[in-house]
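These notes are about the structure you will find just below.
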Amino acid sequence: MRILILGGTREARDLAHIASGERGFEIVSSLAGRVRAPRLPEGAVRVGGFGGAEGLRSWIADNDVTAVVDATHPFAAAISANVAAAAGDSGVPLLCLRRPNWPDRPGDRWVRVPDLAAAAQVTATLGERVFLTIGRQGVDAFAGQQRQWFLIRAIDPPAGPLPPRREILLARGPFKLENESRLIAQHRIDVLVTKDSGGDQTEAKLAAAGEAGIPVVVIDRPPLPEGVQVVETVAQAMDWLREKRIELGRG
Ligand code: NAP
C-alpha cells in the first residue's frame, strides 16, 4: 500500500516512523514547506503545495496512492478541506489524525474565542504585556495594537505586519514548565494567547499561566470537513492502516 501522509506535525512523523517499519506499507510524507529547517519524517518526503484540491487529486492518481492520512496541524484548515474533496473524488480512503484539544483545569482563567480577530480584540482588554504563541502565521491580526507590548514566539520569524511594540523569540518546542514560568515572570506577562493546538510539546505554557494566575486567550479550532473519519492517536491511525491492508488484501 502506498500511503500519503499529509504532515507537519509530530503525530505525522511518529506515524511515518511506525508504518515505515511494517511490511506492506510504503510511506510518502508531504510537507507544506513553511518551516526553514523542518524535522523530517522517515521515508520519502515531498515538499510544497499541490495546487488546490484538483492538484492533490491528480497527485494521488499519478502516484498510485492507496490511502491518505491527514495528519496536518489542527489549524491547517485549507489542506484538510482540499484532501477531503480530493479523496472523495478519487474514492481513496482518507483518515484524519487530530490530537485532542487541551482541556482547562480548575482555576484556569481561559477565554475561548472563535478566531484570530476575536483573539486580538479580547486580548486588548486583558492586559498590557502579551505572550503571543500562535506560531508564525496570523501575527498580523495583532498588528494594529499600538498600546500593548508583545513577546512573540515562533519557530521562524513571523511574516507580514507586526505590532509595533514587540520582541521576537525564535524557539521550537518541546518547552518545559520552568522555562515557561521564567518567561512569564521575566517579561511580566499579563496575558497568554494560544491556539487550541493540543499535544504535549507546547502544553507547559498553560500550566505556567495557571500557576501565575494570568488569563489565557484560547483560539478554537476550525471545524473539520464533514464526513471524514477522525482518530486522535497514532496507534488508532495504525489500526486503521492495518484494517485497510487486510481489506485490500481480500479485494
Ligand atoms: P493551510 O492553510 O491548511 O494550507 C495552505 C496551503 O498550503 C494548502 O492549500 C496547500 O497548498 C499547502 N499545504 C498545507 N499543508 C500542506 C502539506 N502538508 N503538504 C503540502 N502542501 C500543504 O495550512 P497552514 O496552516 O499554512 O499549515 C501548513 C503546514 O504547516 C501544515 O502541514 C501543518 O500541519 C503545519 N503547521 C501548521 C500550523 C498552524 O498553526 N496552521 C502549526 C504547525 C504546523 P496547495 O493548495 O497548493 O496544495
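Atom set for the values below is all heavy atoms of this structure, side chains included, hydrogens, waters and symmetry mates excluded. Order of listing sets the numbers, starting from 1, for every ligand and every atom in it. Note that the structure is predicted; figures quoted are calculated from it, not measured.
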Tell me the residues surrounding ligand 1, counting only those with a heavy atom closer than 4.0 angstrom, sorted by chain and number.
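Within 4.0 Å of ligand 1, the protein residues are Gly7, Gly8, Ser30, Leu31, Ala32, Arg34, Arg46, Gly48, Gly49, Phe50, Gly51, Gly52, Thr72, His73, Phe75, Ala76, Ala77, Ala78, Ile79, Asn82, Gln137, Lys195.
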
Got more than 12 heavy atoms from elsewhere within 6.0 Å of CD, Gln186?
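More than 12 within 6.0 Å, yes.
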
Supply the members, apart from [X], of the Ile/Leu/Val/Met/Phe/Trp/Tyr cluster built from side-chain contacts under 4.5 Å; use none for a lone residue.
| X | result |
| --- | --- |
| Ile155 | Val35 |
| Leu224 | Val230 |
| Leu170 | Phe75, Val111, Val113, Leu116, Val122, Leu126, Val130, Leu132, Ile134, Val139, Phe142, Phe150, Ile152, Leu162, Ile168, Val191, Val193, Val217, Ile219 |

Just by modelled atom types, is the Gly198 backbone N or O under 3.5 Å from a matching donor or acceptor in the Arg99 side chain?
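Flag set: sc Arg99 to bb Gly198 pair under 3.5 Å.
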
For the pair Arg2 and Glu26, find out whether any cationic side-chain nitrogen is under 4.0 Å from an anionic carboxylate oxygen.
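Counted as a salt bridge, because a side-chain N and a carboxylate O are separated by less than 4.0 Å.
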
